[in-house]
Amino acid sequence: MSDRRGFTVADLAIEQALNQLHPQVVGSPATVAGHLEHLFRGEAADGFVVFPALHHSSFEDFVSGVVPELQRRGVFRSAYTGATLRDHLRA
């Protein structure tokens with residue numbers, strides 16, 4: 001990687017640290033949903049930030065594939081119940 005991208009040792013360390021802080025989950029919608037559900041139910045996370053992996057369509061794939069699976073599993077809401085942000089945050 002260092003040769004290919006021209007990274008210094010410091011650049012490589014930063015890159016590796018970021019990969020550990022922001023792991024990528026790949027697979028079918030059921031596989032990704034299973035991983036996120038495991039983290040959520042295990043209280044290792046209370047929410048996620050989703051970034052498109054390649055381009056905008058990967059975000060659409062997540063919304064149309066993973067979100068319905070999370071809703072089916074009961075770990076992602078299917079409707080809002082209140083009118084304010086406070087209504088939607090955990091107590």
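Treat the numbers as computed from the prediction; the structure is a model and nothing was measured. For the single chain, residues carry numbers from 1 onward in sequence order.
- A distance of 12.0 Å separates CG in Leu70 from CZ in Arg77, rounded to the nearest 0.5 Å.
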*asked:* side chain to side chain donor-acceptor pair (under 3.5 Å) for Asp61 and Ser58? Distances and angles first, verdict last.
replied: CA-CA 5 Å; Asp61 292 341; Ser58 57; over 6 Å; no
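- Counting only distance, with no hydrogens or angles, the side chain of Gln71 and the backbone of Phe76 share no donor-acceptor pair below 3.5 Å.
- When all heavy atoms of Arg73 and Arg41 are compared, the pair lying nearest together is O-NH2, 2.9 Å.
- How far CZ of Phe48 is from NE2 of His35: 7.5 Å, rounded to the nearest 0.5 Å.
- In this structure, OG in Ser64 is found 12.5 Å from CD in Glu69, a value given to the nearest 0.5 Å.
- Residues that satisfy the side chain to side chain contact (heavy atoms under 4.5 Å, CB included) test with Phe62, not counting sequence neighbours, are Val32, Leu36, Val50, Val66, Val67.
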